[in-house]
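To start, the structure itself, in structure tokens.
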Amino acid sequence: MGIASALVVLTAWTAHLAYALTRAPVDILSPWMYVHAAIQAYLYTGLFITAHDSMHGSISRNRRVNRLIGVLSLALFAAFSYKRMFGKHMDHHRYAGTPGDPDFSADDQRFFPWLMKFFTQYVTLLQLAVMAAAFNVMHRLLDIGAGALVVFWVIPAFLSTLQLFAFGTYLPHRYPHTEEMKPHNARTQRKNHFLAMVSCYFFGYHYEHHAHPRTPWWMLYTHKG
């Protein structure tokens with residue numbers, strides 16, 4: 001089931017991106033442009049969470065298959081390094097909500113300064129160069145419009161990053177840390193499986209994730225009482 005869900009996400013992301021880049025309108029007056037951009041942003045979030053589950057060994061018992069899906073998902077998301085992401089994510093679980101947590105901002109709890117710190121932990125110059133090269137290949141060699149690439153490829157990735165940061169880092173781990181958040185310094189959203197799925201693939205059930213890190217995203221709701 002883990003491999004099946006991963007393949008569904010990868011296929012949906014690829015198929016919808018291909019459709020949006022070649023068929024969807026790039027017109028600020030067309031509601032369909034916004035619909036397709038929103039769909040692609042949501043699929044980007046699923047792509048990252050698939051990579052995240054790979055880091056926890058939740059996709060396949062075969063370590064090579066598990067890693068391959070994680071590497072592919074992060075590469076498609078924004079040319080992220082799986083090795084770099086894996087190390088930092090393990091530190092996040094080890095030191096959650098403390099100064100040793102690479103995802104946490106102990107000095108400034110405001111949303112956007114924390115987001116900037118979050119970006120600097122993961123975005124590299126090499127990654128930006130790879131993404132710029134990919135943009136030019138698709139635009140100049142594959143003849144895909146620059147507007148379509150910005151609306152359906154670039155912007156959805158940023159929107160997804162905001163979604164992942166808000167529901168997977170900022171809301172679950174910000175101060176104040178209460179007794180019920182221990183030992184993971186993580187809070188969880190109220191029980192509403194529909195909103196949890198729409199908001200971030202059940203990732204808002206964040207205490208449950210830290211308590212059961214090997215549970216795949218599509219099963220997190222089973223730990224919510």
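Predicted model only: the values in this text are computed from it and were never measured. By convention here, the first residue in the shown sequence is residue 1.
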Requested in this report: Count the heavy atoms of every other residue, nucleotide or ligand shown that sit under 6.0 Å from CG of Leu142, and state whether that count exceeds 12.
Outcome: yes
Report task. Say whether, by atom type as modelled, one donor and one acceptor occur between the side chain of Thr120 and the main chain of Lys117 under 3.5 angstrom. Result -> yes
Query - Thr161 and Phe119, any side-chain heavy atoms less than 4.5 Å apart - result: yes
Query raised in the report: When you measure from the side chain of Thr11 to the backbone N and O of Val8, does any donor-acceptor pair fall under 3.5 Å?
Result: no
Query raised in the report: When you look at CZ of Phe135, are more than 12 heavy atoms from neighbouring residues, nucleotides or ligands closer to it than 6.0 Å?
Result: yes
Query raised in the report: When you measure from the side chain of His210 to the backbone N and O of His184, does any donor-acceptor pair fall under 3.5 Å?
Result: no
Query raised in the report: Looking at Ile49, Leu43, Thr45, which hits side-chain contact (heavy atoms from CB on, under 4.5 Å) with Ser160?
Result: Thr45
Query raised in the report: Within a strict 4.5 Å, meaning less than it, do heavy atoms of the Arg174 and Phe111 side chains meet?
Result: no
Report task. Before accepting this row, confirm whether a basic side-chain N of the pair Asp91/Arg94 lies closer than 4.0 Å to the acidic partner's carboxylate O. Result -> yes
Query raised in the report: So Tyr221 and Tyr205, ring pair (Phe, Tyr, Trp, His ring centres under 6.0 Å) or not? Walk me through it.
Result: CA-CA 7 Å; Tyr221 77 92; Tyr205 293 163; 8.1 Å; no
Query raised in the report: Which atoms form the tightest heavy-atom contact between Pro113 and Asp108, and what is the distance?
Result: CB-OD2, 3.5 Å
Query raised in the report: Can a donor-acceptor pair be found between the side chains of His223 and Thr215 at a distance below 3.5 Å?
Result: yes
Query raised in the report: Between Leu162 and Leu115, which heavy-atom pair has the shortest distance, and what is it?
Result: CD2-CD2, 3.4 Å
Report task. Taking all non-hydrogen atoms of both residues into account, name the closest pair between Asp103 and Thr169 and its distance. Result -> O-CG2, 3.4 Å
Query raised in the report: Got Leu164 and Phe77 here, is their nearest side-chain heavy-atom distance under 4.5 Å?
Result: yes
Report summary line: Interatomic distance, CD@Gln189 vs CD@Glu208, rounded to 0.5 Å, equals 9.0 Å
**Report entry** ring pair (Phe, Tyr, Trp, His ring centres under 6.0 Å) involving Phe86 - partner list, sequence neighbours excluded
**Finding:** none
Query - Close side-chain approach of Tyr95 and Met90, heavy atoms under 4.5 Å - result: no
Query raised in the report: Is Tyr34 reaching over with its side chain to a backbone N or O of Ile28, donor-acceptor style, under 3.5 angstrom?
Result: yes
Requested in this report: Find the distance between CD1 (Ile144) and CG (Leu21) and round it off to the nearest 0.5 Å.
Outcome: 5.0 Å
Report task. Measure up the His52 and His89 rings against each other and bin them: parallel (under 30°), tilted (30 to 60°), perpendicular (over 60°). Result -> perpendicular
Query - Check against side chain to side chain contact (heavy atoms under 4.5 Å, CB included), Arg67 and Val71 - result: CA-CA 6 Å; Arg67 179 182 172 84; Val71 169; 4.0 Å; yes
Query - Listed partners of Tyr122 passing ring pair (Phe, Tyr, Trp, His ring centres under 6.0 Å), at least two apart - result: Phe118
Query raised in the report: Is there a donor-acceptor pair closer than 3.5 Å between any side-chain N or O of Arg214 and the backbone N or O of Gly57?
Result: yes
Requested in this report: Provide the closest heavy-atom pair for Gln163 versus Val198 in the form atom of the first, atom of the second, distance.
Outcome: NE2-O, 3.6 Å
**Report entry** Pair His206 + Phe203: ring centers closer than 6.0 Å
**Finding:** yes
**Report entry** Side-chain donor or acceptor of Ser5 paired with backbone N/O of Gly2 under 3.5 Å
**Finding:** yes
Query raised in the report: Are any side-chain N or O atoms of Asn136 and backbone N or O atoms of Ala132, one a donor and one an acceptor, separated by less than 3.5 Å?
Result: yes
Query - Test ring pair (Phe, Tyr, Trp, His ring centres under 6.0 Å) applied to Phe104 - qualifying residues, sequence neighbours left out - result: Trp114, Tyr175, His177
Query - Linked, directly or transitively: Met219 and Met55 (ILVMFWY side chains, under 4.5 Å) - result: yes
Query raised in the report: Should Leu76 and Val150 be regarded as members of a common hydrophobic cluster, given that ILVMFWY residues are connected when their side-chain heavy atoms come within less than 4.5 Å of each other, either directly or indirectly?
Result: yes
Query raised in the report: Would you say the side chains of His16 and Tyr42 form a donor-acceptor pair under 3.5 Å?
Result: no
Requested in this report: Under the ring pair (Phe, Tyr, Trp, His ring centres under 6.0 Å) rule, what do Phe202 and Trp218 come out as? Steps first, then yes or no, please.
Outcome: CA-CA 7 Å; Phe202 297 122; Trp218 43 271; 9.9 Å; no
**Report entry** Under 3.5 Å: donor-acceptor pair, side chain of Ser58, backbone of Ser54
**Finding:** no
**Report entry** From Leu74 atom CG to Phe80 atom CZ, the distance as rounded to the nearest 0.5 Å
**Finding:** 7.5 Å
Query raised in the report: With no hydrogens and no angle check, is any side-chain donor or acceptor of Asn66 less than 3.5 Å from a backbone partner on Ile59?
Result: yes
Report task. Answer with yes or no whether the hydrophobic clustering places Leu159 together with Phe48; edges join I, L, V, M, F, W, Y residues whose side-chain heavy atoms lie under 4.5 Å apart. Result -> yes
Query raised in the report: Is Val137 reachable from Phe152 through a run of hydrophobic residues whose side-chain heavy atoms are each under 4.5 Å from the next?
Result: no
Query - Closest non-hydrogen atom pair, Pro172 against Phe167 - result: CG-O, 3.1 Å
Query - Euclidean distance, Gln127 CD relative to Leu125 CG, rounded to 0.5 Å - result: 10.0 Å
Requested in this report: State, with a plain yes or no, whether a side-chain heavy atom of Tyr201 is found less than 4.5 Å away from one of Leu220.
Outcome: no
**Report entry** Ser73 backbone acceptor or donor facing Tyr82 side chain under 3.5 Å
**Finding:** no
Query raised in the report: What residues join Leu68 in its hydrophobic cluster, counting side-chain heavy atom gaps under 4.5 Å, either direct or through other members?
Result: none
Requested in this report: State whether the number of non-hydrogen atoms from other residues, nucleotides or ligands found under 6.0 Å of Asp143 atom CG is greater than 12.
Outcome: no
Report task. Please indicate whether Arg84 has more than 12 foreign heavy atoms, meaning atoms of other residues, nucleotides or ligands, lying under 6.0 Å from its CZ. Result -> yes
Requested in this report: Determine whether Ile155 and Leu17 fall in the same hydrophobic cluster, where Ile, Leu, Val, Met, Phe, Trp and Tyr are linked whenever their side-chain heavy atoms lie under 4.5 Å apart.
Outcome: yes
**Report entry** Least distance between heavy atoms, Pro156 atom then Ala37 atom
**Finding:** CG-O, 3.8 Å
Query raised in the report: Rounded to the nearest 0.5 Å, how far does NZ of Lys191 lie from NZ of Lys224?
Result: 9.0 Å
Requested in this report: Applying side chain to side chain contact (heavy atoms under 4.5 Å, CB included), run through Met197 and Trp217 and close with a yes or a no.
Outcome: CA-CA 9 Å; Met197 177 61 186; Trp217 68 264; 3.6 Å; yes
Requested in this report: Measure the CG-OG distance between Leu171 and Ser199 for me, rounded to the nearest 0.5 Å.
Outcome: 9.5 Å
Query - Set of residues satisfying ring pair (Phe, Tyr, Trp, His ring centres under 6.0 Å) with respect to Tyr19, sequence neighbours excluded - result: His36
Query - Counterpart residues, salt bridge (Lys or Arg N to Asp or Glu O under 4.0 Å), relative to Glu180 (two or more places apart) - result: none
Report task. Verify side chain to side chain contact (heavy atoms under 4.5 Å, CB included) between Trp153 and Met131, making sure each step is shown before the conclusion. Result -> CA-CA 11 Å; Trp153 187 60; Met131 295 303 290; 3.4 Å; yes
